[in-house]
Amino acid sequence: MEWREQSEVSCDEAYLEAQRWIEAVTKKTLGSNDFRSALENGVLLCDLINNIKPGIIKRVNRLPTPIAGLDNLNVFLKACGKLGLKEAQLFHPGDLQDLSTRVTVKHQETNRRLKNVLITIYWLGRKAQCDRIYDGPYLNLKAFEGLLGTALYK
C-alpha cells in the first residue's frame, strides 16, 4: 500500500460518507450528535452490523451507562471478527471515549482515534459489499482513500 500524507479534506469526506451509510443501513439518524458521541454507546454500531448480517448480535445493551456502551462496542468488534475482519482493521473500544474533558489530550489524538473508527467502518462496508446475501446500501469506498495511508495503532 502506498503511504501518502493525510489531508483533512479526505477525512471530512470519509466522516460524511460513514454517517450517510450508517444512517442508510440502520434507517436511524445520528441526529444532533457528533460522529463520536452518536457511536460511543455502541447501539448504532450493533444495529448496523445486525442489518448487514441479521442476528449476528443477539443482545444489544440499551442501558445509558458507560459499561453498557463498552459491552456493546466489544460485542460489535467481536461480530466484525466473525464477519472476517482482522484485528488490525478494528478500532479499540477506547477510541470512542470522550476525551474532551481531559486537559492532557491533544486534538490530534482525538482525530487519530476517530480515524481508527472510520477505518473499521470502511472495512465493514467493504466486507458487506462482498457478501452476496447483503443487498443494502453500499458505502462509497472512494471517500475513504485518504485514510488508507493511516495505520491503526493501539
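All values derive from a computational prediction rather than experimental measurement. Because only heavy atoms are used, hydrogens play no part in the values below, and waters and symmetry mates are left out as well, while side chains stay in.
Residue pairs satisfying the salt bridge (Lys or Arg N to Asp or Glu O under 4.0 Å) criterion with at least one member in residues 120-129, sequence neighbours excluded, are absent. Listed by first and then second residue, the salt bridge (Lys or Arg N to Asp or Glu O under 4.0 Å) pairs that reach into residues 26-35 are K28-D47, sequence neighbours excluded.
Only one option out of R62, K78, R59 pairs with D71 in a salt bridge (Lys or Arg N to Asp or Glu O under 4.0 Å); it is R59. Applying the side-chain contact (heavy atoms from CB on, under 4.5 Å) test between F91 and each of L96, L118, L114, I121 identifies L96 as the sole match. Exactly one of L39, T29, N51, L124 qualifies for a side-chain contact (heavy atoms from CB on, under 4.5 Å) with I22. That residue is L39.
The closest donor-acceptor contact from the side chain of N61 to the backbone of N72 lies at 3.5 Å or more, if one exists at all. Remark: side-chain polar atoms of R113 are paired, donor with acceptor, to backbone N or O of G94 under 3.5 angstrom. Side-chain atoms of N74 come within 3.5 Å of backbone N or O of L70 as a donor-acceptor pair. Under a 3.5 Å cut-off, the side chain of N50 and the backbone N or O of I56 do form a donor-acceptor pair.
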Please walk me through it: do T120 and D95 pass side-chain contact (heavy atoms from CB on, under 4.5 Å)? CA-CA 11 Å; T120 299; D95 288 338; over 6 Å; no
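Taking each heavy atom of C11 and K115 in turn, the nearest pair found is SG-CE, 3.2 Å. The minimum heavy-atom distance between C80 and I49, with the atom names listed, is N-CD1, 3.6 Å. Closest of all the heavy-atom pairs between V60 and C46 is CG2-CB, 3.6 Å.
Rounded to the nearest 0.5 Å, atoms CG (L77) and CD (Q89) are 12.0 Å apart. Of the inter-residue distances, the one linking I119 atom CD1 with L90 atom CG reads 11.5 Å to the nearest 0.5 angstrom.
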Side-chain donor-acceptor contacts of residues 132-144 below 3.5 Å, not counting sequence neighbours, with atom names and distances?
residue, atom, partner, partner atom, Å
Y134, OH, P137, O, 2.6
N140, OD1, K142, N, 3.1
K142, NZ, E145, OE2, 3.1

